[in-house]
Amino acid sequence: MKQLRTQVGIVGAGPAGLLLGHLLHLEGIDSIIIERRSQEYVVERVRAGVLEQGTADLMTEAGVGERLQKEGMRHEGIFLAFEGARHRIDMAEATNGRAIYVYGQNEVAKDLNAARRASGRSLTYGVDNVSVYGYHSQAPSIRFEAQGELHEIACDFIAGCDGFHGVCRQSLPPEDVRIYGRTYPFAWLGILAEAPPSCDELVYSLHERGFALFSMRSPKITRLYLQCEPDEDLLQWPDDRIWEELNLRLQTSDGWKPNTGHILEKSVTGMRSFVAEPMRHGRLFLAGDAAHIVPPTGAKGLNLAASDVRNLSAALGAFYKNGKERLLMEYSAKSLRRVWKAQRFSWWMTSMLHLDLGANAFDRRRQIAELDYVTGSPAAMASLSENYTGMPLD
Ligand code: FAD
Ligand code: PHB
């Protein structure tokens with residue numbers, strides 16, 4: 001068995017693992033990152049697109065924001081559409097200048113991979129059979145296979161950044177973990193299309209046929225989503241049917257609708273809310289989707305991964321600098337306070353904007369009244385805006 005040694009062993013090279021590795025590097029702390037998938041898969045998979053103001057600021061402060069500043073699209077507002085009309089919420093006005101940045105998760109992954117390579121620290125893709133040991137002792141370890149050889153990382157701490165299906169949380173004894181969650185009776189069919197965005201900002205739409213979302217990735221690429229069944233069969237969705245349905249759900253009476261174009265990618269994403277508490281187990285720390293999942297309607301998942309690892313890197317930094325464990329002790333409670341606020345917001349956006357087949361006529365009228373209130377009351381717009389652009393990080 002090949003023996004390796006580092007300060008922090010990081011499982012998973014999604015946004016949480018790569019950003020943690022980078023923030024630790026800036027603190028002078030060594031880490032080894034191991035990832036099950038190939039680099040190509042991690043960078044190419046189409047996922048999040050919205051960075052909160054604080055996430056964008058964090059990337060910039062950490063020296064990985066250069067391309068984000070150039071190519072990221074700063075949005076100061078969003079539209080909510082219902083009953084045939086689009087209503088703009090001016091988030092910057094409501095929050096004293098805060099905004100969001102539309103910048104694909106794959107671009108974040110590219111920037112963080114480049115920073116990791118430049119740091120010269122270890123990052124290995126395509127590992128197998130990862131397992132974690134001894135996290136209730138002072139000397140935890142991680143084992144894995146790479147190119148047919150067994151490896152063992154001896155480390156001071158393990159960071160479980162391995163997503164919802166990862167091994168770290170699932171290695172914990174069930175009696176040590178409190179699980180909270182719900183699944184939703186719908187999913188999103190998402191497409192990426194070669195079509196210039198027909199609107200400068202995102203449009204979230206509630207239609208009697210279901211939810212639809214207009215988003216983008218670049219001045220040439222539109223990203224769109226449709227509410228569908230959790231077990232929706234993509235074979236039933238040829239391109240023409242997708243465009244027809246998107247047009248029905250998104251077009252507004254002022255004549256606005258998305259531009260169409262060649263569809264580059266199609267996928268179905270289930271929707272769930274999930275929290276596993278606590279986020280610390282001895283010297284094993286969970287961060288990002290490994291500890292919590294939000295439905296995508298609030299655009300919070302990637303941002304929570306970033307705020308978790310910001311807390312964790314600061315806590316590990318303090319520990320290595322002066323031996324103080326206070327921030328490590330506070331990591332779980334501090335991160336969970338933010339996580340639960342994002343859970344509340346994501347659940348609220350989801351229930352306000354989706355067609356729930358279990359709802360009756362009263363519920364539907366109430367849903368429209370809620371959208372009417374949120375798009376008409378300065379207080380309600382301010383509340384949505386401060387949550388959407390991101391609550392303050394500290
Ligand atoms: P992940 O990105 O899941 O990374 C975990 C990594 O660990 C993976 O690369 C995985 O391969 C690896 N791994 C798993 N098991 C192991 C193992 N045993 N050993 C080693 N490695 C392992 N969020 C937003 O903020 N805004 C959005 O607009 C948004 N839109 C979304 C749209 C869609 C369609 C989807 C699916 C998600 C969206 N999200 C959004 C959520 C966001 O993509 C996730 O929250 C984010 O990827 C979480 O990052 P992470 O690093 O915690 O987990
Ligand atoms: C996206 O662009 O992929 C996106 C935008 C907003 C969301 C979810 C996903 O709420």
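In each ligand, atom 1 is the first atom listed, and ligand 1 is the first ligand listed.
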* To do: Please work out which of G298, S215, A48, G163 has its closest non-hydrogen atom nearest to atom 38 (C) of ligand 1.
  => A48
* Hey, is V130 touching ligand 1 through its side chain, its backbone, both or neither, going by heavy atoms under 4.0 Å? -> side chain
* To do: Salt-bridge test for R88 and E93: reply yes if a basic N is under 4.0 Å from a carboxylate O, no otherwise.
  => no
* Give a yes/no on ligand 1: does Y225 have at least one heavy atom closer than 4.0 angstrom to it? => yes
* Structure fact -> ligand 1 atoms nearer than 4.0 angstrom to some heavy atom of G288 are 52 (O)
* To do: Answer with yes or no whether the side chains of Q7 and D156 bring together a donor and an acceptor at under 3.5 Å.
  => no
* Could you name the option among H292, R47, R36 that has the heavy atom nearest to atom 1 (P) of ligand 1? => R47
* Report yes or no: is the cationic atom of K300 (NZ for Lys, CZ for Arg) closer than 6.0 Å to the six-membered ring centre of Y388, at no more than 45° off its axis? => yes
* Structure fact -> Honestly, for Y41 the part within reach of ligand 1 (heavy atoms, under 4.0 Å) is neither
* To do: Return the residue, atom name and 0.1 Å-rounded distance of the protein heavy atom closest to atom 25 (O) of ligand 1.
  => L302 N, 2.7 Å
* Asked: Charged N to carboxylate O under 4.0 angstrom, K334 versus E330?
  -> no
* **Enumerated ligand 1 atoms positioned under 4.0 Å from heavy atoms of G49** => 27 (C), 28 (O)
* Asked: For atom 13 (N) of ligand 1, which protein heavy atom lies nearest, and how many Å away is it?
  -> D162 O, 3.7 Å
* Quick one: nearest non-hydrogen protein atom to atom 41 (C) of ligand 1, plus distance? -> G301 CA, 4.0 Å
* To do: Please lay out, stage by stage, how D30 and H25 fare under the test side chain to side chain donor-acceptor pair (under 3.5 Å).
  => CA-CA 6 Å; D30 188 47; H25 166 68; over 6 Å; no
* Return the orientation label for the H151 and F144 ring planes: parallel under 30°, perpendicular over 60°, tilted otherwise. => parallel
* Please test W237 against E232 for side chain to side chain donor-acceptor pair (under 3.5 Å), starting from the C-alpha separation and ending with a verdict. => CA-CA 9 Å; W237 287 89; E232 196 77 46; 2.8 Å; yes
* Asked: Cationic tip of R283 within the cone over F157's six-membered ring, i.e. under 6.0 Å and within 45° of the normal?
  -> yes
* **Residue and atom name of the nearest protein heavy atom (relative to atom 47 (O) of ligand 1), distance in Å to one decimal** => Q105 NE2, 2.9 Å
* Asked: So do E386 and M391 actually touch side chain to side chain, heavy atoms under 4.5 Å?
  -> yes
* Can you tell me if R45 has a non-hydrogen atom under 4.0 Å from ligand 1? -> yes
* Asked: Backbone, side chain, both or neither: what part of C161 comes under 4.0 angstrom of ligand 1, heavy atoms only?
  -> backbone
* Structure fact -> Quick note on ligand 1: atoms under 4.0 Å from a heavy atom of T269 include exactly 34 (C), 36 (C)
* Looking at atom 6 (C) of ligand 2, what's its closest protein heavy atom, distance included? -> Y204 OH, 3.3 Å
* Asked: At under 4.0 Å between heavy atoms, which part of D289 makes contact with ligand 1: side chain, backbone, both or neither?
  -> both
* To do: For N303, counting its heavy atoms only, list the atoms of ligand 1 lying under 4.0 Å from any of them.
  => 25 (O)
* To do: Report the part of V11 (side chain from C-beta onward, or backbone N, CA, C, O) that has a heavy atom under 4.0 Å from ligand 1; answer both or neither where that applies.
  => side chain
* Is Q343 reaching over with its side chain to a backbone N or O of F274, donor-acceptor style, under 3.5 angstrom? -> yes
* Would you mind running through ligand 1 and noting each atom that sits below 4.0 Å from a heavy atom of R37? => 11 (O)
* Taking non-hydrogen atoms only, is K300 closer than 4.0 angstrom to ligand 1 via side chain, backbone, both or neither? -> backbone
* Which residue supplies the protein heavy atom nearest to atom 51 (O) of ligand 1, what is that atom called, and how far is it? -> A16 N, 2.9 Å
* Asked: Can you tell me the protein heavy atom closest to atom 8 (C) of ligand 2 and the distance?
  -> P296 O, 3.4 Å
* Asked: Can an N or O of A299 be found at a distance shorter than 3.5 Å from an N or O of ligand 1?
  -> yes
* Asked: Who's the nearest protein heavy-atom neighbour of atom 12 (C) of ligand 1, and how far?
  -> E35 OE1, 3.2 Å
* To do: Could you go through the ring pair (Phe, Tyr, Trp, His ring centres under 6.0 Å) check for F79 and Y204 one step at a time?
  => CA-CA 6 Å; F79 287 92; Y204 288 83; over 10 Å; no
* Asked: Can you list the atoms of ligand 2 that are under 4.0 Å from a heavy atom of V50?
  -> 5 (C), 6 (C)
* Asked: Should the pair E149-K2 be classified as a salt bridge under the 4.0 Å nitrogen-to-oxygen rule?
  -> no
* Structure fact -> Closest heavy-atom approach to atom 49 (O) of ligand 1 among A291, G14, P15 is made by P15
* Asked: So which heavy atom on L353 is nearest to which on L206, and how close?
  -> O-CD1, 3.1 Å
* Output yes when a side-chain donor or acceptor of E35 lies under 3.5 Å from a complementary backbone atom of A13, and no otherwise. => yes
* Structure fact -> Partner of F211 under ring-ring contact (aromatic ring centres under 6.0 Å, His included), picked from Y184, Y225, F82, W188, is W188
* Structure fact -> The protein heavy atom nearest to atom 4 (C) of ligand 2 is Y225 CE1, 3.8 Å
* Asked: Salt bridge check: are R217 and E194 linked by an N-O gap of less than 4.0 Å?
  -> no
* **For G166, atoms of ligand 1 separated by under 4.0 Å from a heavy atom** => 15 (N)
* To do: Quick one: do D289 and D162 satisfy side chain to side chain contact (heavy atoms under 4.5 Å, CB included)? Show the steps, please.
  => CA-CA 7 Å; D289 278 17; D162 48 350; over 6 Å; no
* Ignoring angles and geometry beyond distance, decide whether S215 reaches within less than 3.5 Å of ligand 2 through its nitrogen or oxygen atoms. => yes
* **Min heavy-atom dist L213 to ligand 2 below 4.0 Å** => yes
* Considering only heavy atoms, does R47 approach ligand 2 within less than 4.0 Å through its side chain, its backbone, both, or neither? -> backbone
* To do: Hey, can you tell me if H354 and F186 have their rings parallel, tilted or perpendicular (30° and 60° cut-offs)?
  => parallel
* Asked: Mind checking whether W188 has an N or O less than 3.5 Å away from an N or O of ligand 2?
  -> no
* May I ask you to check whether L202 has an N/O atom sitting below 3.5 Å from an N/O atom of ligand 2? => no
* **ligand 2 atoms in contact with T297 (distance to a heavy atom under 4.0 Å)** => 10 (O)
* Going by the side chain to side chain contact (heavy atoms under 4.5 Å, CB included) test, name the single residue among L202, T222, V203 that passes it with S215. => L202
